[in-house]
2 protein chains.
Amino acid sequence: MTGARGYHHGDLRRALLAAAAVAIEESGPAALSLRDLARRAGVSHAAPAHHFGDKSGLLTALAVEGFDLLAAALRTGDSLLEMGVAYVDFAVRRRAHFEVMYRPDLYRADAPEVVAARKRSRAVLRSAVADLPPGPGAVGGAAGDALAAWSIVHGFATLWNAGALPDETGDDPREAARVVIRRLFGARVDAQGRAVPPARSPRTPA
Amino acid sequence: MTGARGYHHGDLRRALLAAAAVAIEESGPAALSLRDLARRAGVSHAAPAHHFGDKSGLLTALAVEGFDLLAAALRTGDSLLEMGVAYVDFAVRRRAHFEVMYRPDLYRADAPEVVAARKRSRAVLRSAVADLPPGPGAVGGAAGDALAAWSIVHGFATLWNAGALPDETGDDPREAARVVIRRLFGARVDAQGRAVPPARSPRTPA
DNA sequence: CCGGATATCTTGTCAACGGCAAGATATGCT
DNA sequence: AGCATATCTTGCCGTTGACAAGATATCCGG
């Protein structure tokens, strides 16, 4: 359906999505122009409309691609800590996708393909939080853990991308993220980032 | 200079900023149109240019206003926990300002007025983190605490505004934020959210 | 090998927008 | 009263997103 190759352009849909990511990384989603994308791909100004309908259609496709890429990136993290680092790393390296994904005013966030892709990526995050021991003063349970973890990595990534962080933060987002995430879970993750067995009432043996 | 009142319109600059906030809350910063703002204010389509130069000039003014409003809002929080809650509350209630502030591609983030206002609001956050006792496994010191706190409230606020959070989070952002923030600082803040005295090595007496 | 059916892309058009220039009008100051 | 200035208007241009209609390449059945 998509990657067939062999039409007029070859694979215009893919080329447009790639060009969109580049353009957004250069000057942000607000400055994105369908006509500019068409020029970059070497087609006429109305060619994108056939594949995506309109601008929000293109950004919808980009968001879907982003949620799937995020899910794949999260799966590479073999611990809760490393999964958080992978989240930040994804936000920094696929910055265009990330920026669009969390800006529902730019695309059709209620499209079924989007909600499905979003669900897939969220499931990966939750699976990692599940085997975290309950912390002190944990009011919300595992859902609270997931919410806090998601918030801290998302916030750090957003602030990093916005250039809002002070210079002392350094220039390696992965390392800086590691420090921040460790501060959330404290002694509940060990040096390798793996969840440690609950210290208080070791009721369930490993 | 600004609040004079009594010119042609009265106070067009203020009216345009207010209209911009409303318009952005309605349909996001990407859909913002200077001509639409002019219509809302009842002036011609070129009137905004006189006060702000261009679109990014208007958003620059909105960002400055936002950073000052944020600093004022943070000052109402009398504890670290409540200051975090105030951050989230600001992001939700003055959503337009908040969205623009952390989107440097939309305005001139390096304008001197912006960096000054940003500095003012950041100083408020840091002052609250200063009297937090060092936590276990705290690698980054007070700066790390500030970064973690900022990240978690910023991330939560952003996700809330994006509508990305699951329904179980509830409909009161202040309450949900309280739970999340408490999970970051654990036992280091008491029920009132105040910082507790350091338990390990009380080297510096209060 | 051919010829329609279909997907893909082009050309042409229109309203809206941002930005600029030049002019009009009101305000403040002396 | 009269000039300088701030404020706003009118007019214009290039660009954009969206739509309509036409052109062209690919696919598939015969």
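So that the names make sense, note that chain A is the first sequence line, chain B the second, and so on, each numbered from 1. Note that these values count all heavy atoms, side chains included, but never hydrogens, waters or copies made by symmetry.
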Can you check the B:L37 CG to C:dC17 P distance for me, whole Å? 10 Å
Taking ring-ring contact (aromatic ring centres under 6.0 Å, His included) as the test, write out the residues that go with B:F52, two or more places apart. none
For A:K55 and D:dG17, give me the distance from atom NZ to atom P, rounded to whole Å. 5 Å
Would you mind reading off the distance between B:R35 atom CZ and D:dT16 atom P, rounded to a whole angstrom? 16 Å
Using a strict heavy-atom distance below 4.0 Å, which residues from residues 38-54 of chain B are in contact with DNA chain D? B:V43, B:S44, B:H45, B:A46, B:A47, B:H50, B:H51
Mind checking side-chain contact (heavy atoms from CB on, under 4.5 Å) for B:A18 and listing every partner two or more places apart, or none if nothing turns up? none
Length of the line joining A:L12:CG and C:dC9:P, which is rounded to integer Å: 5 Å
Please report, rounded to the nearest Å, how far the P atom of D:dC8 is from the CG atom of B:L34. 15 Å
Does anything in residues 148-161 of chain A form a salt bridge (charged side-chain N to carboxylate O under 4.0 Å, His left out)? List the pairs, not counting sequence neighbours. none
Residues from residues 16-33 of chain B sitting under 4.0 Å of DNA chain D, heavy atoms only? none
Please list all pairs meeting salt bridge (charged side-chain N to carboxylate O under 4.0 Å, His left out) that have one or both residues in residues 112-124 of chain A, counting only residues at least two apart or in different chains. A:D68-A:R120
I need the full list of salt bridge (charged side-chain N to carboxylate O under 4.0 Å, His left out) pairs touching residues 49-65 of chain B, with sequence neighbours left out, sorted by first then second residue. B:D54-B:R108
Integer-rounded Å distance: C:dA7 P and A:R13 CZ: 15 Å
Partner set under side-chain hydrogen bond (donor to acceptor under 3.5 Å, both in side chains) for B:D89, not counting sequence neighbours: B:R93
Rounded to whole Å, how long is the line connecting atom CZ of A:R14 with atom C1' of C:dT8? 17 Å
What salt bridge (charged side-chain N to carboxylate O under 4.0 Å, His left out) pairs are there with at least one residue in residues 34-50 of chain A, not counting sequence neighbours? A:E26-A:R40, A:D36-A:R40
Looking at B:M83 and B:A128, what are the two nearest heavy atoms and their distance? SD-CB, 3.4 Å
